[in-house]
Every structure is written in C-alpha cells, then in structure tokens.
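Atom set for the values below is all heavy atoms of this structure, side chains included, hydrogens, waters and symmetry mates excluded.
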Amino acid sequence: MEKERNFSDSTIIEQCLKLAEETGEVCKAVRKHSSLSIDPASTTGTIGDELADVLIYVAAIANRADVDLSEALRAKERINETRVWTGTRR
C-alpha cells in the first residue's frame with residue numbers, strides 16, 4: 001500500500017508525525033459524532049475512517065522498526081494481564 005501511494009520513502013519520524021495528525025482527526029471525528037462543535041470549514045471523516053488511517057500509520061511505523069505487531073500485541077497483553085488496574089476488580 002505504501003509503495004502504491006509513494007509513502008515508502010517516508011522516515012519513521014515522518015510517519016510518527018503523520019500518526020499524531022491522524023490521532024487528532026480521530027478526536028475531531030469523535031467530537032462530530034458526539035455533536036460537539038467543530039470548525040465548520042474543516043472536513044472530518046467518520047470515526048471508522050480516521051481509526052483506519054491511524055492503523056495504517058501504526059503499521060508503517062512497525063514496518064520501519066521491524067516490529068511484528070501481532071506478537072507485540074500478544075506480548076503486551078501478557079504483561080497487562082499481570083497488572084492491577086485502578087478502578088477494576090480482580
């Protein structure tokens with residue numbers, strides 16, 4: 001996908017900055033979905049569209065850092081399962 005769209009030359013830093021921008025767009029979509037005010041001149045996608053963009057950039061960052069996201073998620077969840085979460089009962 002990155003090669004098709006000419007994003008494959010972007011550095012990991014550039015991808016991180018784009019991820020931050022997309023995260024802001026998720027927040028704007030949530031504001032719109034929640035009927036909160038947003039700039040009427042700005043374009044805002046759906047929450048799903050914006051979350052998909054976030055995932056695209058997360059995958060791009062993982063690719064550049066040679067991170068297997070599936071394994072990273074499983075490993076992190078094993079750690080999280082041992083934590084005590086404030087406000088939850090175990």
Side-chain angles (χ1 to χ4, degrees):
M1 184 177 1
E2 287 189 89
K3 287 179 184 175
E4 289 174 9
R5 298 174 186 166
N6 295 322
F7 295 148
S8 57
D9 291 337
S10 296
T11 67
I12 193 168
I13 293 170
E14 291 169 320
Q15 296 299 65
C16 284
L17 293 171
K18 292 173 188 175
L19 173 61
E21 291 174 19
E22 290 299 337
T23 302
E25 291 180 18
V26 170
C27 294
K28 190 188 319 183
V30 168
R31 289 179 58 84
K32 180 179 176 182
H33 177 79
S34 301
S35 300
L36 298 173
S37 65
I38 60 170
D39 179 357
S42 69
T43 57
T44 306
T46 65
I47 295 172
D49 287 345
E50 301 304 342
L51 286 171
D53 287 341
V54 166
L55 285 175
I56 289 166
Y57 284 110
V58 166
I61 293 165
N63 287 340
R64 282 159 181 74
D66 293 321
V67 171
D68 179 332
L69 278 177
S70 179
E71 180 51 39
L73 178 63
R74 287 184 186 93
K76 182 62 177 180
E77 274 305 298
R78 285 191 294 274
I79 293 167
N80 287 344
E81 288 171 357
T82 66
R83 293 180 60 193
V84 176
W85 301 90
T86 304
T88 62
R89 293 183 223 172
R90 287 219 151 217

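- When all heavy atoms of K32 and T44 are compared, the pair lying nearest together is NZ-O, 3.5 Å.
- When every heavy atom of G45 is checked against every heavy atom of A29, the shortest pair comes out as O-CB, 3.4 Å.
- Separating the CG atom in D39 from the NZ atom in K28 is a distance of 7.0 Å, to the nearest 0.5 Å.
- Taking 4.5 Å as the limit, some side-chain heavy atom of D53 sits within range of a side-chain heavy atom of E50.
- For the pair L69 and A59, the tightest heavy-atom approach, listed with the atom from each and the gap, is CD1-CA, 4.0 Å.
- Across R64 and F7, no two heavy atoms sit closer than the pair NH2-O, 3.1 Å.
- Here the closest heavy-atom approach between residue A65 and residue I12 is recorded as CB-CD1, 4.1 Å.
- For E71, the salt bridge (charged side-chain N to carboxylate O under 4.0 Å, His left out) partners are R78, not counting sequence neighbours.
- I61 and I56 fall into different hydrophobic clusters, defined by Ile, Leu, Val, Met, Phe, Trp and Tyr side-chain heavy atoms under 4.5 Å apart, directly or through other members.
- Take T43 and apply the side-chain hydrogen bond (donor to acceptor under 3.5 Å, both in side chains) test, not counting sequence neighbours, and it matches no residue.
- L17 and V54 fall within a single hydrophobic cluster, where Ile, Leu, Val, Met, Phe, Trp and Tyr are joined by side-chain heavy atoms under 4.5 Å apart, directly or via other members.
- Between Q15 and N63, every side-chain heavy-atom pair lies at or beyond the 4.5 Å cut-off.
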>> What verdict does the side-chain contact (heavy atoms from CB on, under 4.5 Å) test give for S10 and E2, after you've listed the backbone C-alpha separation in whole Å, the side-chain angles of each residue and the deciding distance to 0.1 Å?
In response: CA-CA 9 Å; S10 296; E2 287 189 89; 5.6 Å; no
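- Applying the side-chain hydrogen bond (donor to acceptor under 3.5 Å, both in side chains) test to E77 and every residue at least two apart in sequence or in another chain returns N80.
- Summarising the geometry of V58 relative to L19, their closest heavy-atom pair is CG2-CD1, 3.9 Å, with the distance given to 0.1 Å.
- The local environment of CG in L36 is crowded, with over 12 non-hydrogen atoms from other residues, nucleotides or ligands closer than 6.0 Å.
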